[in-house]
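The model shown is predicted, which means the values in this text are computed figures rather than measured ones.
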Amino acid sequence: MQSSQRYLHIAVATPLRRTFSYLPPTGIADEQLQPGQRLWVPFGRQRRVGMLLGLSDHTDVAAAKLKPVQGLIDDTPLFTGAQLDLLKWASDYYQHPIGEVIATCLPAELRHGKAATISATYGWQYAAGDPARRPDRRAPRQAELLALFEQQPEAVLTASDLSAAGHDNCHGPLRALAERGWIRRARVDAPQAAPAELETPLPLNAAQQVALEAISASLGGYRTHLLDGVTGSGKTEVYLQSVAEVLARGQQALILLPEIGLTPQLVRRFERRFGTRLGVLHSGLTDSDRANTWLRARAGEVDVVLGTRSAVWTPLAHPGLIIVDEEHDLSYKQQDGFRYHARDVAIMRGHRESLPVVLGSATPALESLHNADQDRYTHLSLPQRAGSARSPAVHVLDIRQSHMHGAIADRFMNMLRDNLAAGRQSLLFLNRRGYAPVVMCHDCGWKAECRRCETTMTYHHGRARLACHHCGREQPRPSTCPDCQGTLIEVGHGTERLEETLAKQLPDARIIRIDRDSTRGRGNLEALLESAHGGAADILVGTQMLAKGHHFPGVSLVGILEADGGLFSSDFRALEHLAQLIVQVSGRAGRAEHPGEVVIQTHHPEHALLRTLTEHGYGAFAQAALREREQLELPPYSYLALLRAEAKQLQHVSQFLEQARDCLPRQAEVYALGPVPAPRPRRAGFQRQQLLLQAGDRTHLRRILGNWLQDVEQLTSSKKVRWSIDVDPQELG
DNA sequence: CAAGTATTACCG
DNA sequence: GGTAATACTTGA
């Protein structure tokens, strides 16, 4: 009797929305094959890493096409069944091919087939070299590095230690130093040196105690808590003590942050509290560090994992709790490829793995507040902590017909002048970097535009160049109009120009500008923030970056110079984001004895929701905004999916989207809007359009999407465009 | 006609 | 996405 043939169903990292059937590898018993293992598979003409998803006695594929697996990578599964189920759910929910979903969730080394073993990390250690071959004046970087090693001759410093110390890309100088015998390669032994003294927990106030008790009581089962508390209300201490409870139960905790680079203080607080039990995942790590932390968490060797969006996929041997800090932050939504939302994945993961999830924010997303209102989440509020900064007073400044000094209205300039005279700091927020967003000919009206994007190019004074903020293209600024040789003028104001205006109007003020241009390079942001803290600046000027993470107790006057964009945007979420920004920026300033003032410059001081925000606070704003969303049937009262497409030729794009729309099932309770031009209709030489699907019911939308996209994929017009589907889009652009 | 390049098909 | 076969340019 011949035993029935077994078929392996395997995911491969490819944009194809299906799995592939293979024959078992020769010489491997069926019992050795388990879902979750990686294996080498022949794929087309290549050899690729595949992930075994299942085994069965049937396949729809013709026997002639089947090939045997070439070999196993993992003897035991890399993922548990529960983890695979989460990945399959994500693939289905976000309508992204399973192979790519798995690939984006794996650290690069494992994605490329490296064995799942925790490797020793290597670094460099001081060695007494030949004094005659000491790096001299010609090798300043080597000398700098050598000085660092000499300070701690016993220490083994890894690439990430060095980059933390401000030495990036020092591979070359290190090799040279090693060549001269001044340092040598050395293994880092696991628990490095003696663990520093760990900080002890701080006493909690009543509200923090209530929150901690609610979270603790829910350990061991699924529950989502919305921890709603302004800056300085002590959210972090609640996180820290909840995590400590999880560790005491022998379990692990996962903490997600929007951007680690912007919140070094928070990371350090976790380090001080948990020492070597903490693993941090961030973009500055080498692939090998990243894979090691991931594998350590999976093996239960690391108990607390702190990371950004992609850390939500880190496997945990004994998962106990997930925390999503600043849950409203847009960076949790991946904006290309596999467009998942880490906060929503965290909640689904908590649900499936039976663990509580804590969403923390001073300005929760409207979706999250709605879920709390519906009692799907526990709403935990932390009021202002006694003795900490009081909320600053918020003023809406009507700048209609005002005399302007650049981006600053006359009245506000006077406030800045007074604040400066009083010896206090001010913070100005303008979400546009560069000098001026438009360069125009005063004689003929010609504008400097990006050829590929049809948007105006921003003038950067520092570099004396024009840059397109959409595609990154740069070119020198012409001195005269290329059409008529007329005079060129700068129109509009960016942070660079704002800095210049301030320097002219307030010549005594010391100004620090913080944006992507001024903080290029590692450590620069921290250095600038430090000097701002140390009182080296009277006025801080910056973009979005200023609103995140850092608190400036010395600041008593905050200006949001351009609020109008958020009031009347085509994106329905713009107002929510503006409100969050206003509250977040306000929270950056002030101290107990001087709560400070926030000024919002606008041409629309009568805007009802803006008034609600400034007069009654974020909670009242959110409720009013939710009522508006309900009337307009927008999320969270409806569910959206966005089909985007781009191609060099507009007609290919519109033809594809029209055909896609026509593939939608009739009478389905899903409404298609479009195709319409994308908010940025041209980018990098591509024409972009989109088709928005709206449904009143989430399961309805989900059911339709799968079959629909299969049809869409079959369209011949789909091959002439680049298309993608975005489920729960955050930005309709 | 060779060489370069856009288009298409396919991956088990 | 990657690869390769095919169809279709271009230039001596």
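Summarising the geometry, the separation between CZ on A:F43 and C1' on B:dA9 is reported as 13 Å, rounded to the nearest angstrom. Between A:Q714 atom CD and B:dC10 atom P there is a gap of 11 Å when expressed in whole angstrom units. Going from atom CZ of A:R48 over to atom P of C:dT3 covers 8 Å, rounded to whole Å. One atom, CD of A:Q5, and another, P of B:dG12, lie 17 Å apart when rounded to the nearest Å. When the C1' atom of B:dG12 is taken as reference, atom CG of A:L55 falls 15 Å away, rounded to whole Å. Rounded to whole angstrom, the span from the NZ atom of A:K648 across to the P atom of B:dT7 amounts to 10 Å. The distance from atom CZ of A:R47 to atom P of C:dG1 is 22 Å, rounded to the nearest whole Å. As a whole-Å value, the separation of A:R17 CZ from B:dC10 C1' is 17 Å.
Heavy atoms of A:Y22 sit under 4.0 angstrom from primed sugar atoms or phosphate atoms, though from no base atom. Within 4.0 Å (heavy atoms only), A:T59 reaches no atom of the nucleic acid at all. Contacts of A:I10 with the nucleic acid, taken as non-hydrogen atoms under 4.0 Å apart, are absent. At the heavy-atom level, A:K67 lies under 4.0 Å from the strands shown only through sugar-phosphate atoms.
Of all nucleotides listed (B:dG12, C:dT3, B:dT8), B:dT8 comes nearest to the side chain of A:K720. Which of C:dG1, B:dG12, B:dT8 sits closest to the side chain of A:R18 comes down to B:dG12.
Here the side chains of A:M457 and A:Q475 are in contact, with some heavy-atom distance below 4.5 Å.
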Check the pair A:H9 / A:H58 against ring pair (Phe, Tyr, Trp, His ring centres under 6.0 Å), numbers first and verdict last. CA-CA 10 Å; A:H9 303 287; A:H58 299 284; 9.7 Å; no
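The two residues A:P24 and A:P68 come nearest to each other via the heavy atoms O-CB, 3.8 Å.
Salt bridge absent: A:D728 and A:K333 never bring a charged side-chain N and a carboxylate O closer than 4.0 Å. A salt bridge does not link A:E646 to A:R680: none of the charged nitrogens lies less than 4.0 Å from a carboxylate oxygen.
Of the two residues contacting DNA chain C, namely A:A13 and A:R45, the nearest-nucleotide position lying further toward the 5' end is that of A:A13.
Look at A:K719 and you won't find any side-chain N or O under 4.0 angstrom from OP1 or OP2 of B:dT8.
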